[in-house]
Amino acid sequence: MTYTVADITAVMDELFPPACAESWDRVGLVAGLPSDEVRSVGFAVDPCEATVQEACERGADLLITHHPLFLRGTSTVAGTFAKGRWVTQLVRGRVALFSAHTNADVVASTVALARLLDVKIDRPLDPESGIGGVGSIVPVSFGKLVERVAQVLPSTPAGVLGAGDPEREVRRLAICSGSGDSLLAAAKAAGADAYLTADLRHHPATDHIWDDGCALICATHWASEWPVLGEMEERLREHFPQLDTYISAIPTDAWNIAVRG
């Protein structure tokens with residue numbers, strides 16, 4: 001049985017409704033014809049040179065990414081700049097591009113992280129948007145929890161950082177994949193003992209810690225969002241079991257060197 005881009009994207013929109021996306025987000029089909037045939041689908045966090053090249057080399061007909069290619073819009077796809085070159089390569093290789101971003105965060109990103117850490121989520125971290133989650137975890141020291149996070153997330157040069165008493169017991173964990181320092185106050189208000197997110201900045205993090213906030217675990221953006229790809233793949237394959245799929249393991253964080261003094 002053959003499928004089309006339209007078939008796949010219609011189901012993706014059912015699984016991860018665009019209406020759940022933030023108003024500033026840009027999700028959906030970015031490149032490709034809805035009528036094109038799809039036998040192979042790749043999943044990646046970022047649409048970039050490495051993942052586009054990988055999709056072309058692996059013979060993918062559709063690349064589904066978490067991050068949109070043109071989040072802030074553009075007036076050209078000329079090959080004189082990076083994203084224009086990637087679009088050109090996708091079009092020439094007959095690879096369609098589709099993104100599910102904050103709509104996937106609401107539906108699956110928290111679930112993906114919770115599964116890895118055995119967290120029983122009982123409420124969203126941000127009830128208004130539905131993003132993130134807070135729930136119970138088998139009691140563990142904060143130091144051991146940081147180690148566990150580093151073990152279950154894909155390895156990156158930047159690693160995983162922790163801020164808090166290593167011996168403090170953690171029973172309630174808040175999680176938010178991607179950049180989550182806007183929800184520091186929500187994590188504290190939810191009574192979390194620790195908060196796992198990414199991209200924590202110095203001043204928001206230190207102000208939070210110094211104001212008796214919960215302990216913090218900071219992963220890289222790519223690593224914290226990579227688990228959602230497995231959720232996307234699993235849910236899509238339930239509808240299209242004959243699809244050939246893969247998940248890109250190429251780290252696409254900006255940071256590729258870490259020096260420990």
Side-chain angles (χ1 to χ4, degrees), residues 12 15-17 20-22 24-27 43-48 51 64-68 71 99-135 137 145-146 148-156 158-163 170 172-187 190 192 194-201 204-205 208 214-235 247-255:
M12 285 295 293
L15 294 171
F16 311 102
C20 292
E22 294 288 293
W24 47 263
D25 208 355
R26 299 292 180 269
V27 300
F43 294 85
V45 173
D46 290 296
C48 61
T51 58
I64 296 176
T65 63
H66 186 47
H67 293 147
L71 185 58
S99 69
H101 190 207
T102 51
N103 48 329
D105 286 333
V106 170
V107 175
S109 288
T110 300
V111 171
L113 281 176
R115 281 185 176 181
L116 289 177
L117 294 165
D118 295 324
V119 183
K120 296 181 180 179
I121 299 296
D122 54 49
R123 50 155 290 187
L125 182 55
D126 180 7
E128 185 174 344
S129 67
I131 287 176
V134 185
I137 189 171
L145 180 59
V146 175
R148 188 190 301 176
V149 170
Q151 290 168 356
V152 301
L153 292 184
S155 178
T156 64
V160 174
L161 300 174
V170 177
R172 190 162 176 79
L173 182 67
I175 55 178
C176 177
S177 63
S179 303
D181 62 13
S182 64
L183 296 177
L184 285 166
Y195 176 33
L196 166 62
T197 188
D199 297 342
L200 287 174
R201 294 172 295 163
H208 169 86
C214 59
L216 300 175
I217 305 174
C218 183
T220 70
H221 197 111
W222 175 82
S224 74
E225 295 196 323
W226 187 82
V228 75
L229 303 181
E231 287 288 325
M232 287 184 181
E233 181 190 46
E234 180 181 337
R235 297 182 191 200
I247 294 176
S248 177
I250 301 172
T252 48
D253 284 312
W255 320 112

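Heavy-atom minimum distance, Leu173 versus Ala192: C-CB, 4.5 Å. Annotation for Leu145 and Ala194: closest pair CD2-CB, 4.4 Å, computed over non-hydrogen atoms. For the residue pair Ala223 and Thr156, the shortest heavy atom distance occurs at CB-CG2, 4.0 Å. The minimum heavy-atom distance between Val160 and Ala150, with the atom names listed, is CG2-CA, 3.9 Å. A pairwise comparison of heavy atoms in Ala108 and Phe16 identifies CB-CE2, 3.8 Å as the closest pair. In terms of heavy-atom proximity, Thr51 sits nearest to Ala44 at CG2-CB, 3.7 Å.
Taking the side chain as every heavy atom from C-beta outward, Ile121 and Val111 never approach each other to under 4.5 Å. A 4.5 Å side-chain heavy-atom check between Leu161 and Ile217 finds every atom pair outside the cut-off. The closest side-chain heavy-atom distance from Glu231 to Val107 is not below 4.5 Å. At least one side-chain heavy atom of Ile131 sits less than 4.5 Å from a side-chain heavy atom of Cys176. Side-chain contact between Val149 and Leu196 is present, with at least one heavy-atom pair separated by less than 4.5 Å. Using a 4.5 Å cut-off on side-chain heavy atoms (C-beta onward), Leu125 and Ile175 make no contact. Taking the side chain as every heavy atom from C-beta outward, Leu71 and Trp24 approach each other to under 4.5 Å. Here the side chains of Leu184 and Leu216 are in contact, with some heavy-atom distance below 4.5 Å.
Between the side chain of His66 and the backbone N or O of Ser99, no donor-acceptor pair lies under 3.5 Å. Side-chain atoms of Thr197 come within 3.5 Å of backbone N or O of Gly178 as a donor-acceptor pair. Side-chain N or O atoms of Tyr195 include one that pairs as donor or acceptor with a backbone N or O of Gly180 at under 3.5 Å. In this structure, the side chain of Asp253 does not engage the main chain of Thr220 through any donor-acceptor pair within 3.5 Å. In this structure, the side chain of Asn103 engages the main chain of His101 through a donor-acceptor pair within 3.5 Å.
Side-chain rings of His67 and His221 approach one another, their centers coming within less than 6.0 Å.
In this structure, Thr252 OG1 and Trp226 CH2 are separated by 12.0 Å, a value rounded to the nearest 0.5 Å. Atom CD of Glu225 and atom CG of Leu113 lie 9.0 Å apart (nearest 0.5 Å). Annotation: the span from Asp105 atom CG to Asp126 atom CG amounts to 11.5 Å, rounded to 0.5 Å. Remark: Leu229 CG to Ser248 OG distance equals 8.0 Å, nearest 0.5 Å.
For Asp46, there are no salt bridge (Lys or Arg N to Asp or Glu O under 4.0 Å) partners, not counting sequence neighbours. For the side chain to side chain contact (heavy atoms under 4.5 Å, CB included) test, residues two or more places apart in sequence or in another chain that qualify with Arg123 are Pro127, Val134, Arg172, Ala190.
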How far apart are the C-alpha atoms of Arg148 and Ile137, what are their side-chain angles, what is the distance that settles it, and do they pass the side-chain contact (heavy atoms from CB on, under 4.5 Å) test? CA-CA 12 Å; Arg148 188 190 301 176; Ile137 189 171; 3.8 Å; yes
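Residues His208 and Asp181 have side chains that never bring a donor and an acceptor to within less than 3.5 angstrom of each other. A side-chain donor from one of Asp25 and Thr102 sits under 3.5 Å from a side-chain acceptor of the other.
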